[in-house]
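Letters A, B, ... mirror the listed sequences (proteins, then strands); counts begin at 1. Only a predicted model underlies this, so the values are computations on that prediction, with no experimental measurement involved.
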Amino acid sequence: MSNQIIADIFDLLAKLMEIHGENSFKVKTYSIAAFRLEKIADQVALMTPEQMSTIPNIGAAVVQKIQEILETGGLAVLQEYLEKTPPGVVEMLSIKGIGPKKIALLWKELGAESIGELEYACNENRLVALKGFGAKTQESILKSIAFIRSNQGFCLWSEAETFATQIWKKLRTVYPDNQTDYTGDYRRQMPTMSSIDFITDLSIEQLKAQLGRIPEVSFTEEATQLSVHIPNAPLVLFQLCNAEEFLLHQFYSSASPAFLEAFDNKFKVPEIIRDEAEIFTQNKLQYIPPYLRETTSILEKAATQELPMLIQPGDIKGIIHNHSTYSDGIHTLEQMANATRDKGYEYLVISDHSKTASYAGGLQVEKVMAQHEEIEKLNQKMAPFKIFKSIESDILGDGSLDYEPEVLATFDLVVASVHSNLKMTEEKAMQRLLTAIQNQYTTILGHPTGRLLLSREGYPVDYKLLIDACVAHNVVIEINAHPRRLDLDWSWLSYAMEQGAMVSIDPDAHSMDGIDLVKYGVLASQKGGLTKERNLSSMGLAEFERFLAERKK
DNA sequence: GCCGTTTTCGGCCCGACTGTTTTCAGTCG
């Protein structure tokens, strides 16, 4: 069992206890325990009770509960709290802007036992009468509920990947003479999707024979479609067709409606197709991979053979924007460096949090200097592999970075990101961002909109203005590769490239495993038509050093 | 519930901000 799963249990326990008005220090203890468990590198499941109790804030009671979780898979006391809390009240924890205390009031004072009831109460203007609530809170709750609604049933590409590949492998192994393949949003590499779609010439019976073995699975059948419902997993949809029409159906189910309409207006699917590429070659078009079948303009480019060679996972040469135990990472600087080198990359850019990010262990100036010393020592030991001195500097309320210029000057490069006060008008957001972009020490603008896919909208930005400003001030725009961020969004890449912008696919890794997230950034960037020439992290070590030297002038 | 001792219990707690208050509780990253 992973530390994260155990941590989530303690986190939920703390929140439920708070809703039920338990002793706040007791609540805090479980909450801190959850935080600690998330932040340690070693697997708690493999520790002895004595080892567990050496973790700060993990005492006898928490150790006992961890053991119970490991032995039984659950926690009796959590179950008790869950039983005396309506499921809808637990769900309210996902509403941004309200926490356990306010939820308790909404439940006890207002009698709201579900998100639906809460929404109704907001619309009836009944929250303003509650102590601690007002018109603005009511408004923000309604907005948050609308956001949750619009994302319900969606999953991230990375979440879909696990299920999709398992199912694909299984069916291809058991039925090697049949055709089964990805289609729909998953094949198009959409960052989020409402279902994992397959196209197959298998029968419903054949599919059920295999997928029926999944515990607690259920099915919904239609004439040419089988929906597979797996508990705690994305919806899986099988589109059924006969073998002869497989490629045709796959083509028509893995592109945007706009793309297909434009295609049908000008081109024809050949009578006989042996592989999907023929659909394009027979029309004198360059092959357009599924992830690019979004806009109509891509067809024009394919007609004039102008599609460039797009970035591939292997084109990432350096790992930029990472965290270590100096701030909120779970592995040490040396572990991160070794992992990066062992995975075949040429350099690591360590960008721990800056001093304002106290919640994330942001670095005071003395710690920055200590880290720089360690980097220099490691660089001597690890050459030709190189670690670059960087920082993820918070963009403060007024747009300034949170160190003195003398300190900022000691970094090889600076990633500037907004982490606090995310609730802003577009005007305010742009003012902060533009000020940060104009700062001579800003090398990369980190996760430009602050969005978290399916869980947080991010502050509103004027994309064109933002991109233009980055180009004008020679600031690299990050494509944060975390599958929940993928920020800048792929849909703005073509504009960014037209304007001559440079981007950087960065994993924002908080652990050694986190380095592998670059893959998701590459997949999303492919949709935007990114070439490796325009990606900073595709530069080899020498080129990267030249870039930084040039930038410093 | 955990910690750190001033060994038997008192004090814990990041800091900014927001929306609510009319001095601060709740939330967030």
Every protein N/O lying under 3.5 Å from an N/O of nucleotides 5-8 of chain B:
none

**OP:** Rounded off to whole Å, could you give me the NZ-to-C1' distance for the K355(A) and dC14(B) pair?
**Re:** 15 Å
Could you list the protein-to-nucleotides 10-12 of chain B atom pairs, N/O on both sides, closer than 3.5 Å?
none

**OP:** For dC9(B) and dT21(B), measure between their C1' atoms and round to the nearest Å.
**Re:** 35 Å
**OP:** Anything under 30° is parallel, anything over 60° is perpendicular, the rest tilted; go ahead and classify H447(A) against H419(A).
**Re:** perpendicular
**OP:** Both distances under 3.5 Å, Watson-Crick or G-U wobble: report the partner of dT8(B), or none.
**Re:** none
Original post:
Given atom CD of Q364(A) and atom P of dG15(B), what is their separation to the nearest angstrom?
Top reply: 10 Å
Just distance, no hydrogens or angles: give the donor-acceptor pairs under 3.5 Å from side chains in residues 46-53 of chain A, sequence neighbours left out.
unit_1	atom_1	unit_2	atom_2	d
T48(A)	OG1	Q51(A)	N	3.2
T48(A)	OG1	Q51(A)	OE1	3.3
Q51(A)	OE1	T48(A)	N	2.8
S53(A)	OG	P49(A)	O	3.4
S53(A)	OG	E50(A)	O	2.9

Original post:
Mind checking the C1' distance from dG4(B) to dG15(B)? Whole angstroms is fine.
Top reply: 25 Å
Original post:
Between atom CZ in F35(A) and atom P in dC13(B), what is the gap in whole Å?
Top reply: 14 Å
Subject >> L348(A): which of M336(A), R341(A), K386(A) passes side chain to side chain contact (heavy atoms under 4.5 Å, CB included) >> reply: M336(A)
Subject >> From CA spacing to verdict: side chain to side chain donor-acceptor pair (under 3.5 Å), H473(A), Q440(A) >> reply: CA-CA 8 Å; H473(A) 291 90; Q440(A) 59 164 318; over 6 Å; no
Original post:
In whole Å, what is the span from the NZ atom of K26(A) to the C1' atom of dC9(B)?
Top reply: 17 Å
Original post:
Rounded to whole angstrom units, what separation is found between the NZ atom of K428(A) and the P atom of dA16(B)?
Top reply: 15 Å
Subject >> Donor-acceptor contact below 3.5 Å, side chain R432(A) vs main chain I395(A) >> reply: yes
Original post:
So what does V27(A) hit on the nucleic acid, given a heavy-atom distance under 4.0 Å: a base, only sugar-phosphate, or nothing?
Top reply: nothing
Got a list of protein N/O to nucleotides 26-29 of chain B N/O distances below 3.5 Å?
unit_1	atom_1	unit_2	atom_2	d
dG26(B)	OP2	K101(A)	NZ	3.3
dT27(B)	OP1	G99(A)	N	2.2
dT27(B)	OP1	G99(A)	O	2.9
dT27(B)	OP1	K102(A)	N	3.2
dT27(B)	OP2	K101(A)	N	3.3
dT27(B)	O5'	G99(A)	N	3.1
dC28(B)	OP1	G97(A)	N	2.5
dG29(B)	OP1	R456(A)	NH1	2.7
dG29(B)	O5'	R456(A)	NH1	3.4
dG29(B)	O3'	Y359(A)	OH	3.3
dG29(B)	O3'	H419(A)	O	2.9

Original post:
dC17(B) and dT7(B): how far apart are their C1' atoms, nearest whole angstrom?
Top reply: 41 Å
Original post:
For A33(A), which contact category applies under a 4.0 Å heavy-atom criterion: base, sugar-phosphate, or nothing?
Top reply: nothing
Original post:
Is the F544(A) ring parallel, tilted or perpendicular to the F547(A) ring (thresholds 30°, 60°)?
Top reply: parallel
Original post:
Base, sugar-phosphate, or nothing: which does I32(A) touch, judged by heavy atoms less than 4.0 Å apart?
Top reply: nothing
Original post:
Across the strands shown, which category fits A60(A) at heavy-atom distances under 4.0 angstrom: base, sugar-phosphate, nothing?
Top reply: sugar-phosphate
Original post:
Quick one: do the Q43(A) and N3(A) side chains pair a donor with an acceptor below 3.5 Å?
Top reply: no
Subject >> H372(A)/F411(A) aromatic ring centres below 6.0 Å >> reply: yes
**OP:** Tell me what A61(A) touches on the nucleic acid: a base, only sugar-phosphate, or nothing, going by heavy atoms under 4.0 Å.
**Re:** sugar-phosphate
Subject >> Along DNA chain B (nearest heavy atom to each residue), the more 5'-positioned of N57(A) and K423(A) >> reply: N57(A)
Original post:
Toward the 5' end of DNA chain B, which comes first, L130(A) or G397(A), by nearest nucleotide?
Top reply: G397(A)
**OP:** If the glycosidic angle is within 90 degrees of 0 it's syn, otherwise anti, so just tell me which one dT22(B) is.
**Re:** anti
Original post:
Looking only at atom C1', what distance separates dA16(B) and dT8(B), rounded to whole Å?
Top reply: 37 Å
Original post:
Is the W157(A) ring parallel, tilted or perpendicular to the Y186(A) ring (thresholds 30°, 60°)?
Top reply: parallel
**OP:** Find the distance D398(A):CG to dA16(B):P and express it as a whole number of Å.
**Re:** 14 Å
**OP:** Give a yes/no on whether any side-chain N or O of N421(A) is located under 4.0 angstrom from OP1 or OP2 of dA16(B).
**Re:** no
Original post:
Does the ring of Y347(A) carry K317(A) above it, NZ/CZ under 6.0 angstrom from centre and within 45° of its axis?
Top reply: no
Original post:
Would you call R484(A) and E159(A) a salt bridge, using N to O less than 4.0 angstrom?
Top reply: yes
Original post:
When the distance from NZ of K28(A) to P of dC13(B) is rounded to whole Å, what number comes out?
Top reply: 9 Å
**OP:** Write down the distance separating the P atoms in dC12(B) and dT5(B), rounded off to the nearest Å.
**Re:** 14 Å
Original post:
Roughly how many Å is it from NZ in K143(A) to P in dG19(B), rounded to a whole number?
Top reply: 11 Å
Subject >> P atoms of dG26(B) and dT22(B), separation to the nearest Å >> reply: 14 Å
Subject >> Distance, C1' atom - from dT6(B) to dG11(B), rounded to whole angstrom >> reply: 13 Å
Original post:
When the C1' atoms of dT23(B) and dT18(B) are considered, how many whole Å apart are they?
Top reply: 14 Å
Tabulate below the donor-acceptor pairs under 3.5 Å that side-chain atoms of residues 5-22 of chain A make, not counting sequence neighbours, or state none.
unit_1	atom_1	unit_2	atom_2	d
D8(A)	OD1	Q4(A)	NE2	2.9
D11(A)	OD2	K15(A)	NZ	3.1
E18(A)	OE2	K101(A)	NZ	3.4
H20(A)	NE2	T85(A)	OG1	2.8
E22(A)	OE2	Y81(A)	OH	2.7

**OP:** Take E426(A) and Y459(A), measure what side chain to side chain donor-acceptor pair (under 3.5 Å) needs, and give me the verdict at the end.
**Re:** CA-CA 7 Å; E426(A) 183 178 310; Y459(A) 40 85; over 6 Å; no
Let me check something: any side-chain donor-acceptor pairs from residues 509-525 of chain A under 3.5 Å, sequence neighbours excluded? List them with distances.
unit_1	atom_1	unit_2	atom_2	d
H510(A)	ND1	D508(A)	O	2.9
H510(A)	NE2	D328(A)	OD1	3.3
H510(A)	NE2	D328(A)	OD2	3.4
S511(A)	OG	G514(A)	N	3.2
D516(A)	OD1	K343(A)	NZ	3.0
D516(A)	OD2	K343(A)	NZ	3.2
K519(A)	NZ	E161(A)	OE2	2.3
Y520(A)	OH	E161(A)	OE1	2.5
S525(A)	OG	G521(A)	O	2.6

